[in-house]
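First the structure, in the form of structure tokens, and then the observations on it.
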Amino acid sequence: MQLSKSEEELMNILWKQKKAFMKDLLDAYPEPKPATTTVATLLKRMTDKKFIDYKSYGRSREYYPLVKKKDYFSKHVNGLIKNFFNDSASQFASFFTQETNLSKAELEELKKLIDVEIEKK
């Protein structure tokens, strides 16, 4: 299951806050802030998709994520590699390093990360 762009934006706020009431979520949005009903609709959809849940306190709800940010984006990156790069991590890496205008320092940092992972295997 996937989140829409607006659901992802709200999910990012929730990941950052870890748990939040509707007011906290609305306050975290930049101007122009969405309508309360819009955020309520997004929260309902995200609850139905099992990305978030809530605890009730009287008439208020405190929302919290059920899916970790790392897990969500890991699944998306793997899907991206599968769908756009013929399931080839090396094709993805080649595209990423050539098309993103990384500096020499950034490329060297990536190389260090890869070297560490190679040593773990």
Side-chain angles (χ1 to χ4, degrees):
M1 187 100 37
Q2 201 168 319
L3 295 172
S4 69
K5 187 120 178 109
S6 52
E7 290 168 343
E8 245 177 46
E9 183 180 9
L10 180 54
M11 195 71 193
N12 273 312
I13 293 170
L14 203 48
W15 278 321
K16 193 175 199 176
Q17 296 189 0
K18 295 185 176 49
K19 54 186 176 176
F21 291 95
M22 172 70 83
K23 181 190 179 317
D24 304 320
L25 296 170
L26 286 167
D27 288 346
Y29 272 96
E31 293 292 341
K33 295 184 185 298
T36 305
T37 53
T38 301
V39 176
T41 299
L42 293 172
L43 290 167
K44 169 83 171 95
R45 278 196 234 145
M46 292 161 63
T47 302
D48 291 346
K49 291 179 180 181
K50 307 273 191 255
F51 278 92
I52 65 169
D53 205 357
Y54 59 86
K55 290 180 185 169
S56 294
Y57 297 95
R59 293 179 53 180
S60 297
R61 292 177 175 175
E62 184 178 43
Y63 294 92
Y64 57 91
L66 293 174
V67 175
K68 293 179 183 165
K69 186 175 187 174
K70 180 182 175 187
D71 294 342
Y72 180 73
F73 285 103
S74 175
K75 188 172 184 178
H76 274 350
V77 169
N78 287 325
L80 181 78
I81 291 169
K82 182 177 182 182
N83 294 327
F84 293 100
F85 298 97
N86 300 319
D87 214 6
S88 168
S90 59
Q91 279 185 22
F92 170 74
S94 175
F95 176 85
F96 178 75
T97 55
Q98 292 172 13
E99 302 296 326
T100 55
N101 297 322
L102 297 170
S103 68
K104 183 176 180 179
E106 290 170 318
L107 287 167
E108 287 171 353
E109 185 61 31
L110 277 174
K111 185 178 181 305
K112 285 180 194 172
L113 292 170
I114 291 168
D115 289 342
V116 167
E117 288 302 314
I118 288 170
E119 286 187 24
K120 286 181 185 177
K121 306 259 177 194

Problem set entry | Gap between atom CD1 of I118 and atom NZ of K111 - 0.5 Å precision | 8.0 Å

Problem set entry | Chi angles and distances behind the side-chain contact (heavy atoms from CB on, under 4.5 Å) call for K69, N12 | CA-CA 8 Å; K69 186 175 187 174; N12 273 312; 3.3 Å; yes

For this session: May I ask you to decide whether E8 forms a salt bridge with K5, counting only side-chain N to carboxylate O separations under 4.0 Å?
Result: no

Exercise. Parallel, tilted or perpendicular: which fits the ring planes of Y72 and W15, with parallel below 30° and perpendicular above 60°?
Worked result: tilted

Problem set entry | Heavy-atom check, side chain of Y64 versus side chain of D53, under 4.5 Å | yes

Problem set entry | Within one Ile-Leu-Val-Met-Phe-Trp-Tyr cluster: I52 and F73, side-chain cutoff 4.5 Å | yes

Exercise. Is there a donor-acceptor contact under 3.5 Å from the side chain of D71 to the main chain of V67?
Worked result: no

Problem set entry | Atom NZ of K75: over 12 foreign heavy atoms under 6.0 Å | no

Could you go through residues 89-101 and list every donor-acceptor pair under 3.5 Å that involves a side-chain atom there, pairing it with any protein atom two or more places apart or in another chain?
residue: S90; atom: OG; partner: S88; partner atom: OG; Å: 3.1
residue: S94; atom: OG; partner: Q98; partner atom: NE2; Å: 3.2
residue: T97; atom: OG1; partner: A93; partner atom: O; Å: 2.9
residue: T97; atom: OG1; partner: S94; partner atom: O; Å: 3.2
residue: T100; atom: OG1; partner: F96; partner atom: O; Å: 2.4

Problem set entry | Residue pair N78, K82: steps toward the side-chain contact (heavy atoms from CB on, under 4.5 Å) verdict | CA-CA 6 Å; N78 287 325; K82 182 177 182 182; over 6 Å; no

For this session: Determine, using the 4.5 Å side-chain heavy-atom cutoff (strictly less than), whether I81 and F84 are members of one ILVMFWY cluster.
Result: yes

Exercise. For E7 and Q2, which heavy atoms make the closest approach, and how far apart are they?
Worked result: OE1-O, 4.2 Å

For this session: May I ask you to test the M11-L42 pair for a side-chain heavy-atom distance under 4.5 Å?
Result: no

For this session: Measure the NE2-CG distance between H76 and L3 for me, rounded to the nearest 0.5 Å.
Result: 6.5 Å

Seminar exercise, completed: The side chain to side chain contact (heavy atoms under 4.5 Å, CB included) partners of V39 (sequence neighbours excluded) come to L10, M22, L26, Y29, P34, L43

Exercise. So E117 and K120, salt bridge (charged side-chain N to carboxylate O under 4.0 Å, His left out) or not? Walk me through it.
Worked result: CA-CA 5 Å; E117 288 302 314; K120 286 181 185 177; 3.2 Å; yes

Problem set entry | Under the salt bridge (charged side-chain N to carboxylate O under 4.0 Å, His left out) test, residues paired with K19 that sit two or more places apart | none

For this session: Give, for atom CZ of R61 and atom CZ of R59, the distance between the pair rounded to the nearest 0.5 Å.
Result: 11.5 Å

Exercise. How far apart are the closest heavy atoms of L14 and P65, and which atoms are they?
Worked result: CG-CD, 3.9 Å

Seminar exercise, completed: One should read off an interatomic distance between E62 CD and L25 CG, to the nearest 0.5 angstrom, of 10.0 Å

For this session: Look only at the side chain of D24 and the backbone of F21, and say whether a donor-acceptor pair between them is shorter than 3.5 Å.
Result: yes

